[in-house]
Amino acid sequence: MAIPTADRPTASDEAVPDRGRGRRVAAAVLAVGASIGVGELVAALVSPAASPFLAVGQGAIRLTPEWLKETAIAWFGTYDKVALLVGMVAVIVAITVLAGLLSRRDERPGLVLVVAMGLLALIATVTAPTFAPFDLVPPGVAVLVGIGVWRLLHGLAVRVPAAPDAGAGAVSRKRFLTTAGLTAVGALAAGTVGRVVTAGAAGPASVTLPPAPAGPAPVPAGADFVADGTPSWLTAPADFYRIDTALSVPRLSTADWSLRVHGLVDREVTLTFDQLRSMRLIEAPVTLTCVSNEVGGSLISNGRWLGVPVRDVLALAGVRPGAEQIASTSADGWNCNTPLGPLTDGRNAMLAIGLDDAPLPVEHGFPVRMVVPGLYGYVSATKWITDIEVTTFAAFTSYWEQRGWGKFGPVKTSSRIDVPRDAATVPAGRTVAAGVAWAQHTGIAAVEVAVDDGPWQPAELAVEPSVDSWRMWRLPLTLAPGPHQLRVRATDRSGAVQTGAEALSIPDGATGWHTVAVTAV
Ligand SMILES: Nc1nc2c(c(=O)[nH]1)N[C@H]1C(S)=C(S)[C@@H](COP(=O)(O)O)O[C@H]1N2
Ligand SMILES: [Mo]
């Protein structure tokens, strides 16, 4: 009678060729996959924000040191989140394969893996700023499913004999493959349904916006030099730069949304979306910039926003004497501080509900976000906003301020060369340089370009539809054959000339003249 080898570890175990390793690796991958898939499904059903997989990624974002975050943005730009998710999947696959290989007879390595991943998800969930007890259900169920699937599949995998003449307790290859296949289908289905349900929340398509008070504003003629290589004055919403700490975009429905205004106010106010939408609306172009934008960087875009002036909402609540700033919080627990000055001095600071004649895109804050001309996004542009607390400078320190960024983030007067690109080859003789300059809410008065050690030459400026938006420039140049350096600097309407002193973006915005090296041939 043949002895079912799989049941009996022998002294020479390690010398025996490890024939079943493919099955064990498959068992481990399927156990982890089923755990993640079911986690997604349960999250979609009970607590949409509590996907265990994304909770871990979100926890990683919270724990990432500032220098690494900056490096990630510098390397991957707007794809920083995709990079994180791809990295997470790679790490999970690697340790899962390892656990499968190690679980030769003993199921414990795989068990440790599934439980450790579950614990990680539980910790990430509990420490999230938006944690609610119900959020424990998805990671809890995910761990149990992972344990169950692992024990089942590992148990079958190690009982598939190496030789066909197996005895009692043996499991046919076919039985293992069928069980594994069904598990794979179930895990994929659970994960897919979970994602689809989460993504299906009533979004921008469900919202009708009131018309802009002055009717749809056309893009002013002559506001850009697209033919010469500048961006279009109005950024297409799909091209609008995106920066936030949300691994998965909060998907809010207008029916559930509300904004609470409290703190140093005469009376606390809570507004529904319909109430906000029926208040006095303004429509205005505002160029948003990220404080992390490097000299010459692309974290800047211009939109036409429709919204309610922040000061009108504050007036409903009645700001008390002594108040200095507001703390605004988003549905996903991010927050920032904004001084009351720019919110109440008459500029177009607003709680925006629309971007370019449509409801806000989900990625840009649907259903309501704040926009304040002249301030970097990290101190003003709260997306998915749900809470405003009127407070003092001393009483509130924001998410980014805690991580070393400045308390006040006025936009620094800056400029960029869009063409020619750095390292480009250009025809000798006449060539046109073009780009953008910005000093939101102050306005751009002049842009100058210097070639090599030559003098600053004034560039032609495009029409200026608003001082709250960027301004395009262009300048024909005559270049002798050979290498050249082009530098640009702007002067704003307060008379301040953009500084050439180089500074990093942390703590309050990069400075220095954008410079490109070109070769004329
Ligand atoms: N809820 C939330 N709002 C946020 C952020 C965030 O991380 N979470 N990032 C801010 C930063 S740093 C910037 S630069 C702007 C970017 O806005 P956009 O993605 O619409 O371009 O959003 C701001 N609002
Ligand atoms: Mo930012």
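The first residue in the sequence is number 1, and the count goes up from there. Values below: all heavy atoms of this structure, side chains included; hydrogens, waters and symmetry mates excluded. As the structure lists them, so they are numbered: ligands from 1, and atoms in each ligand from 1.
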Of all the non-hydrogen atoms in the protein, which one sits nearest to [atom], and at what distance?
| atom | value |
| --- | --- |
| atom 24 (N) of ligand 1 | Ala381 O, 2.9 Å |
| atom 7 (O) of ligand 1 | Thr245 N, 2.9 Å |
| atom 13 (C) of ligand 1 | Gly377 CA, 3.8 Å |
| atom 3 (N) of ligand 1 | Lys383 N, 3.0 Å |

**Fill in**
Among Tyr241, Tyr378, Trp334, Trp400, the residue with a heavy atom nearest to atom 14 (S) of ligand 1 is Tyr241
**Fill in**
Note: heavy atom closest to atom 15 (C) of ligand 1, options Leu360, Ile243, Thr235, belongs to Ile243
Proximal atoms of ligand 1 relative to [X] (non-hydrogen, under 4.0 Å):
| X | answer |
| --- | --- |
| Phe240 | 21 (O) |
| Asp332 | 1 (N) |
| Cys290 | 14 (S) |
| Ser330 | 1 (N) |

Any side-chain donor paired with an acceptor under 3.5 Å for [X] and [Y]?
| X | Y | value |
| --- | --- | --- |
| Asn302 | Ser469 | yes |
| Gln498 | Ser415 | yes |
| Thr515 | Gln485 | no |
| Ser494 | Asp492 | yes |
| Arg62 | Thr127 | yes |

**Request:** With heavy atoms under 4.0 Å as the rule, classify the contact between Leu299 and ligand 1 as side chain, backbone, both or neither.
**Result:** neither
**Item:** Tyr376 and ligand 1 - part of the residue with a heavy-atom distance under 4.0 Å
**Value:** neither
**Item:** side-chain hydrogen bond (donor to acceptor under 3.5 Å, both in side chains) partners for Glu460, two or more places apart
**Value:** Arg474
**Request:** Taking only Lys NZ, Arg NE, NH1 and NH2, and the carboxylate oxygens of Asp or Glu, determine whether Lys412 and Asp508 approach each other closer than 4.0 Å.
**Result:** yes
**Item:** Any Arg369 heavy atom less than 4.0 Å from ligand 1
**Value:** yes
**Message:** Holding to salt bridge (Lys or Arg N to Asp or Glu O under 4.0 Å), I want the full list of residues that pass it with Asp312, two or more places apart in sequence or in another chain.
**Reply:** Arg280
**Asked** Which class fits the ring pair Trp405 and Trp400: parallel under 30°, tilted 30 to 60°, perpendicular over 60°?
**Response** perpendicular
